[in-house]
Amino acid sequence: MALAPGLQARLLTMVERGDTAAKVGSGDVPVLATPRVLALAEQATLQAVAGALAPGQTSVGTRVSLEHLAASPVGTHIEVAVELTEVDGRRLVFGFTARDRKAVVASGTIERVVVDRERFLARLTPGGEGGTTR
């Protein structure tokens, strides 16, 4: 499988107390936190390209646009769907939606860059080349 637009993944989850804004510190209400929406969408992007990356490669997030449209209380089932919409060299662009049984809860785009895992991690160690991905 090659990296090409059209790769997709879906992730199903149920909102638990640990996923709430009150628990993760992004608010004080017991509904799905925006940072958790993003984490779920990023997890799905990894799943979408997992079989298309060369051995030793991974992708790292570089840009996000997220619109959180509806509150999801504990117990709500959420489906996050992502699709790779653009490949520009090492740059990958995904569109995503998160929805419950009634409506779209969130939508947006995530950009990631394909990197060599070992080289990327070597940059993070003392004496490495720095922490940039570009």
In Å and rounded to the nearest 0.5 Å, what is the CG to NE2 distance from Leu66 to His68? 7.5 Å
Scanning both residues in full, the closest heavy-atom pair of Val37 with Ala106 reads CG1-CB, 3.6 Å
Does Thr58 have any side-chain contact (heavy atoms from CB on, under 4.5 Å) partners at least two apart in sequence or in another chain, and if so, which? Val115, Arg117
Could you tell me whether Gln8 atom CD has more than 12 heavy atoms of other residues or ligands within 6.0 Å of it? yes
Could you tell me the separation between the CD atom of Glu118 and the CG atom of Leu121, rounded to the nearest 0.5 Å? 8.0 Å
Is there a donor-acceptor contact under 3.5 Å from the side chain of Arg99 to the main chain of Glu79? no
Any Leu92 side-chain heavy atom under 4.5 Å of Val113 side chain: no
Tightest non-hydrogen contact, residues Ala41 and Ile110, listed as CB-CD1, 3.6 Å
Atom pair CG (Asp28) and NZ (Lys23), whose distance is rounded to the nearest 0.5 Å: 14.5 Å
If I compare all heavy atoms of Ala9 with all of Ala44, which pair ends up nearest, and what's the gap? CB-O, 3.4 Å
Do Val87 and Phe94 belong together in a cluster built from hydrophobic side chains that touch within less than 4.5 Å? yes
Check whether any side-chain N or O of Glu42 sits under 3.5 Å from a backbone N or O of Ala39 as a donor-acceptor pair, and report yes or no. no
Specify the closest pair of heavy atoms between Ala33 and Val24, including all atoms of both residues, with the distance to one decimal. CB-CG2, 3.3 Å
Sequence neighbours left out, what passes side-chain contact (heavy atoms from CB on, under 4.5 Å) with Thr13? Give chain and number order. Leu40, Ile78
At what distance, to the nearest 0.5 angstrom, does CG of Leu11 lie from CZ of Phe96? 12.5 Å
Mind running side-chain contact (heavy atoms from CB on, under 4.5 Å) on Leu3 and Val114 for me, showing each step along the way? CA-CA 10 Å; Leu3 280 173; Val114 176; 3.9 Å; yes
Which residues share a salt bridge (Lys or Arg N to Asp or Glu O under 4.0 Å) with Arg91, sequence neighbours left out: Glu86, Asp88, Glu111
Ser72 versus Val31: any side-chain heavy-atom pair under 4.5 Å? no
Nearest 0.5 Å, please: how far is OG1 in Thr76 from CE in Met14? 9.0 Å
Atom pair CZ (Arg10) and CD (Glu83), whose distance is rounded to the nearest 0.5 Å: 9.0 Å
Nearest heavy-atom neighbours spanning Leu46 and Ser59: CD2-OG, 3.7 Å
Is a donor on one side and an acceptor on the other found under 3.5 Å between the side chain of Thr85 and the backbone of Val93? yes
Heavy-atom check, side chain of Val29 versus side chain of Thr20, under 4.5 Å: no
